[in-house]
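Let me begin by presenting the structure, written as structure tokens, before commenting on it.
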Protein chains: 2
Amino acid sequence: MGITDITTTLKALSDPIRRDILNLLKKKNLTAGEIALLFPISKPSLSHHFTVLKNANLIGSERKGQKIYYSLNATVFYELLNDVLETFGEKNEN
Amino acid sequence: MGITDITTTLKALSDPIRRDILNLLKKKNLTAGEIALLFPISKPSLSHHFTVLKNANLIGSERKGQKIYYSLNATVFYELLNDVLETFGEKNEN
DNA sequence: TTATCATTTAGATAGTTGGCTAAATATCTA
DNA sequence: TAGATATTTAGCCAACTATCTAAATGATAA
């Protein structure tokens with residue numbers, strides 16, 4: 001918890017489709033199927049992206065009946081921003 | 001100028017060696033050779049990383065005689081932070 | 001239990017990445 | 001010009017990534 005490695009996070013974020021997914025989830029939790037309607041790639045490919053985002057702790061998932069709802073985990077963003085700021089911010093002396 | 005695409009920047013940042021290079025450059029401009037002394041990979045491999053960082057506008061380079069000095073381009077960090085904040089920050093409504 | 005719907009897992013493949021060695025380029029000095 | 005130094009480019013390869021289709025899993029409904 002909270003120990004999401006920055007490389008994993010940045011790799012997850014460095015794909016436009018995954019950033020788009022996160023953006024959608026910012027507004028509203030969505031099922032895999034709802035998300036799939038909005039992208040021009042296959043459901044299995046999207047499922048792979050969900051896995052990457054989950055491994056980076058950027059999203060969470062909860063099954064409700066047949067559907068799985070995905071939600072944004074905003075915390076990890078702020079951890080990332082903190083890390084990047086700490087690492088590259090002006091006042092940092094390591 | 002200023003139109004560094006966020007995917008390129010994040011991809012460049014998502015490698016620990018490249019982040020280490022940026023960290024070193026935060027303190028002091030360094031030549032390719034000086035940087036090479038600090039990493040356990042070959043000079044050509046490092047040169048490849050310099051290219052990635054340059055393409056992402058994260059570093060600049062200036063030849064002085066035989067040596068090439070690399071320097072951090074802090075601007076792109078703040079552009080990135082802005083972009084990420086704009087995209088994922090709480091108040092954003094896209 | 002059979003069918004159906006939602007999603008993931010498995011397996012294949014094309015493209016990208018990051019490493020290497022060897023060769024090329026650029027600069028300085030003798 | 002020749003030799004030495006600094007760095008990059010070229011070419012190769014193994015590992016990883018993103019995509020696909022087909023098959024498997026999980027859950028609901030008839």
Side-chain angles (χ1 to χ4, degrees), chain A residues 4-25 28-73 76 80, chain B residues 4-25 28-73 76 80:
Chain A
T4 308
D5 126 274
I6 191 170
T7 298
T8 304
T9 308
L10 287 167
K11 279 204 169 132
L13 288 175
S14 69
D15 180 287
I17 288 188
R18 290 195 287 266
R19 290 198 306 277
D20 286 348
I21 292 170
L22 293 170
N23 247 312
L24 289 168
L25 293 177
K28 186 162 172 293
N29 295 352
L30 294 169
T31 68
E34 287 169 335
I35 295 171
L37 290 174
L38 302 167
F39 292 90
I41 66 175
S42 70
K43 286 174 181 197
S45 298
L46 272 175
S47 190
H48 157 72
H49 287 303
F50 299 150
T51 301
V52 173
L53 290 169
K54 268 206 288 202
N55 286 340
N57 275 306
L58 286 162
I59 61 173
S61 64
E62 191 190 358
R63 181 180 276 276
K64 276 194 180 160
Q66 290 156 288
K67 300 178 179 173
I68 295 178
Y69 282 85
Y70 285 103
S71 57
L72 185 66
N73 179 0
V76 174
L80 172 75
Chain B
T4 308
D5 128 271
I6 191 170
T7 297
T8 304
T9 307
L10 287 168
K11 279 203 170 135
L13 287 175
S14 70
D15 180 286
I17 289 187
R18 290 195 287 265
R19 289 198 306 277
D20 286 349
I21 293 170
L22 294 170
N23 247 312
L24 289 167
L25 293 178
K28 186 162 173 288
N29 294 352
L30 293 167
T31 68
E34 287 169 334
I35 295 171
L37 290 174
L38 303 167
F39 291 90
I41 66 175
S42 69
K43 286 176 182 195
S45 297
L46 273 175
S47 189
H48 156 71
H49 286 303
F50 298 150
T51 301
V52 174
L53 290 169
K54 269 206 287 203
N55 286 340
N57 275 308
L58 285 161
I59 61 174
S61 64
E62 191 190 358
R63 182 180 277 278
K64 275 193 180 160
Q66 290 154 289
K67 300 176 180 173
I68 295 178
Y69 281 85
Y70 283 105
S71 56
L72 185 65
N73 179 0
V76 174
L80 172 75

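Quick note on labels: first sequence line is chain A, next is B, and so on, each numbered from 1. Every value quoted in this text rests on a predicted model; they were computed, and no experiment measured them. Computed over heavy atoms, backbone and side chain alike; hydrogens, waters and symmetry mates excluded.
- For A/K11, counting side-chain heavy atoms from C-beta on, the closest listed nucleotide (C/dA6, D/dT7, D/dT17) is D/dT17.
- Residues A/L24 and A/E34 fail the side-chain proximity criterion, which asks for heavy atoms closer than 4.5 Å.
- No engagement by B/F39 is indicated, since no non-hydrogen atom pair under 4.0 Å with the nucleic acid exists.
- For the OP1/OP2 pair of C/dT8 and a distance below 4.0 Å, the side-chain nitrogens and oxygens of A/R63 include no atom meeting the criterion.
- Phosphate proximity of D/dT8 to B/T51: absent, as no side-chain N or O sits under 4.0 Å from OP1 or OP2.
- Phosphate proximity of D/dC20 to A/S42: present, with a side-chain N or O under 4.0 Å from OP1 or OP2.
- In this entry the distance linking OH of A/Y70 with C1' of C/dA6 reads 11 Å, nearest Å.
- Checking A/G65 against A/S45, the closest nucleotide of DNA chain D that is more toward the 5' end is the one next to A/S45.
- Residues B/I35 and B/L25 meet the side-chain proximity criterion, which asks for heavy atoms closer than 4.5 Å.
- For the pair B/H49 NE2 and C/dT17 P, the computed distance is 12 Å after rounding to whole Å.
- Within the structure, every side-chain polar atom (N or O) of A/Y69 is placed at least 4.0 Å from both OP1 and OP2 of C/dT7.
- A straight line from CD1 of B/I41 to P of D/dT7 spans 15 Å, rounded to a whole angstrom.
- Here the side chains of B/E62 and B/N29 are not in contact, with every heavy-atom distance at 4.5 Å or above.
- When the side-chain nitrogen and oxygen atoms of B/S47 are compared with OP1 and OP2 of D/dT9, none of them lie within a distance under 4.0 Å.
- The residue among B/K64 and B/P44 whose nearest nucleotide of DNA chain C is located toward the 5' end is B/P44.
- Residue A/N55 contributes atom CG, which lies 12 Å from atom P of D/dA18 at whole-angstrom precision.
- Shown are B/Y69, B/Y70, B/F39; of these, the ring pair (Phe, Tyr, Trp, His ring centres under 6.0 Å) with B/F50 is made only by B/Y70.
- At a threshold of 4.5 Å between non-hydrogen side-chain atoms, the residues B/K64 and B/T31 do not count as touching.
- The distance between atom CG of B/D15 and atom C1' of C/dT16, rounded to the nearest whole Å, is 14 Å.
- We find that CZ of A/F50 is positioned 15 Å from C1' of D/dT19, with the value rounded to whole Å.
- We find that CD1 of A/I68 is positioned 14 Å from C1' of D/dT28, with the value rounded to whole Å.
- For the pair B/H48 NE2 and D/dA14 P, the interatomic distance rounds to 18 Å; values are reported in whole Å.
- B/L46 comes within 4.0 angstrom of no nucleic acid atom, judged by non-hydrogen atoms across all strands.
- Put simply, the side chain of B/Q66 and the base of D/dT5 share a donor and an acceptor less than 3.5 Å apart.
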